[in-house]
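Worksheet for the structure shown next.
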Number of protein chains: 2
Amino acid sequence: MTTLKDVARASGVSVMTVSNVINGVPRVGTATRERVLAAIDDLGYEVNLTARRLRAGRSGTVALVVPRVDHPYFGELAARFTDALAPTGRHLVVEQSDASKEGELTALSQARLQQYDGVLLSAVGLQYADVDRLDADLPLVLLGEKPMPPRFDHVSLGNLDGGRLATQHLLARGARRVLMVGGTHGLTDGGMADQRTDGWRSAHRAAGLPVDDSLVLHPAAFEMGLAREAVHDAVAAGLRFDAVFAVTDQVAIGVLAGLRDVGLRVPEDVQVVGFDNLAVSEHLSPALTTVDPSNDVLVMHAVRLLERRMAGAAGDAEHVVTPTRLVERGSTR
Amino acid sequence: MTTLKDVARASGVSVMTVSNVINGVPRVGTATRERVLAAIDDLGYEVNLTARRLRAGRSGTVALVVPRVDHPYFGELAARFTDALAPTGRHLVVEQSDASKEGELTALSQARLQQYDGVLLSAVGLQYADVDRLDADLPLVLLGEKPMPPRFDHVSLGNLDGGRLATQHLLARGARRVLMVGGTHGLTDGGMADQRTDGWRSAHRAAGLPVDDSLVLHPAAFEMGLAREAVHDAVAAGLRFDAVFAVTDQVAIGVLAGLRDVGLRVPEDVQVVGFDNLAVSEHLSPALTTVDPSNDVLVMHAVRLLERRMAGAAGDAEHVVTPTRLVERGSTR
DNA sequence: CCACGATGGTGTATCGATACACCTTCGCGG
DNA sequence: CCGCGAAGGTGTATCGATACACCATCGTGG
């Protein structure tokens, strides 16, 4: 492995001069610079980022911590962040927090996160205490909906509004019994599902309709297969409904499959609304009506806030909630 | 920030003893060990991974480089690798190579990759020369189908077999004009699409049927929206076909949508087969018949080969191709 | 009763790049 | 012709952890 020293020797200057050339410090003469650049090219020298990071403190890298990237929502989010960070000259790496060895949250350890200039941390699946343990002076922006230590900047989606929007839409289209798949009964962790379910409740109240908690189905996880089964079970149990609000598009995909399995037509027999507006949703059969949570706004704010912290700003934490918007497609009338 | 020195001072021992405690070196007395651990706990000390990496060489981290994680195939792959690496005590981070600033392949630079103990590099979207530039002694396993420098271990999917399998299945089910969406005309880069298209050709020849290249549609990218439009255009142009082999499930989703748009029924009018067996595919309407490329086998081999290199093995590079398997669902008869 | 091995612990150089203070040399104004 | 500032360049300490050689103490077998 070639180091600064090798380049210095090869070009007959000191290591500092080589370092200065690499970092574009202007105090190097043109002839010298060229000699050094030639030597770098010659030896195929590349800077050791680990050493630079240790000495200079900066790494040029930002981490995005999400539960798993095989959930399309997080995959799409990661790609958005990558694009948003590219113009700033910083590089994004993705860490998955669900993949813990023996329940240890390795991805979340202070030691690991400290390697980065900044961290975008999706709060989904994390506990308040885990996050509270983190150093306050690590540039960190929280994403997602869980209640989290207020000392951190926090950007979240408009879950309450979105849940209300989705449900209102169904009610306005004539639905009277709106199944909430992936909802929660009462407050659990104050997270995404709680908030979206609250929106569902709130829309019922606003319309002067009763809130029937037996319509709230809570599968063990927000996965397509489980949602599909939940629909089978509900129908088998004789539960009557004329619409479904699925807590995520992912769940909605399972719901659409489940309804098809039991011979119910969408939107004629049952209307369906999702949440997230995944890329795949407009290509489903039928195309999925869904709540668009303005991920672009989320990303924009998160990057802005993180840049501010990385630049050393110490001010109060900012808490942002994105606007939501209903995207009407074929799964509702 | 607290360092080893602080802990040493607080517990009245040398930094080396603290280091030995942290690394579980057995030459530390029980009483001392406990005193040190107490001090660590007290001060909230966490090891500086950057310093450790610089000195000790190891980082405990493996990078997976994929084009983008918003493509479900890569998202699912990343999650699989994360799970496969967890038992080895190593940590996975995901880098995206498509996100280049001004066309620069930052994720692929030697400097960046050298930070990791090992690298799993998806060759999709990379050039031979880019990869050839990399140091041979970096533990690296190539994934994917492009022709790449043979000095690296390389695990790829059985694209040729899979393409043949898919097409054979369609022909066996009575199809006579199989549209290949996302195929290529002749050899382009020897990559995934070329190989799958070859499989399509090969199946035709094996069945004694003519190979009609006008049936090969090549959208600009393997995206749902473009595939959907490609189907519209083909139908509008009067192209006749009774089946579609989509180069990926992602493309197949677009194809299903496109066929629905123009009023063609699947599988009655047109049968469809995809490739990848994404999680979503079994929940589509109709459920998608697809080629399962044994990603678990891919992951297993890749991890095995990488471990071998990280352990210092120097032997010849191994090249593995995974077996493929057809998963029959509702999109074929 | 001494030599020697086991046990427990320490000092120092080092990984590679960079911050910072300092040193030359040269041109030019007074 | 001297002094001073600018331009170009260098030496050294340092970031934090670890490898390695070395040191001290003590128990025990010959």
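Note on naming: letters A, B, ... go to the chains in the order of the sequence lines (proteins, then strands), and numbering restarts at 1 for each one.
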Between atom CZ in B:Arg53 and atom P in C:dG16, what is the gap in whole Å?
-> 14 Å
Presence of B:Asn20 side-chain N/O under 4.0 Å of C:dG9 phosphate oxygens OP1/OP2 | no
In terms of side-chain geometry, is the basic nitrogen of A:Asp6 or A:Arg9 positioned less than 4.0 Å from the acidic oxygen of its partner?
-> yes
Out of C:dG16, C:dA17, D:dT18, which nucleotide sits closest to the side chain of A:Met1?
-> C:dG16
Short side-chain N/O contact from A:Thr17 to OP1 or OP2 of D:dG9, under 4.0 Å | no
Mind grabbing the angle between the end helix axes of the helix from C:dC1-D:dG30 to C:dG30-D:dC1? Five pairs an end, 10° rounding.
-> 60°
Sugar-phosphate, base or nothing in reach of A:Thr32, heavy atoms under 4.0 Å | sugar-phosphate
Hey, does the side chain of A:Gln96 reach the backbone of B:Thr82 with a donor-acceptor pair shorter than 3.5 angstrom?
-> no
Any B:Leu4 side-chain heavy atom under 4.5 Å of B:Met16 side chain | no
Among B:Leu121, B:Val155, B:Val119, the one residue meeting side chain to side chain contact (heavy atoms under 4.5 Å, CB included) with B:Val141 | B:Val155
Under 4.0 angstrom between B:Thr3 side-chain N/O and D:dG16 OP1 or OP2 | no
DNA chain D nearest-nucleotide lookup for A:Gly29 and B:Lys5: closer to the 5′ end is A:Gly29
Are the charged groups of A:Glu318 and A:Arg308 less than 4.0 angstrom apart, N to O?
-> yes
Any N or O donor-acceptor pair linking the side chain of A:Arg55 to the base of D:dT14 at under 3.5 Å?
-> yes
Side-chain (A:Ser109) to main-chain (A:Arg112) donor-acceptor, under 3.5 angstrom | yes
Touch check for A:Arg27, heavy atoms < 4.0 angstrom, all strands: base, sugar-phosphate only, or nothing?
-> base
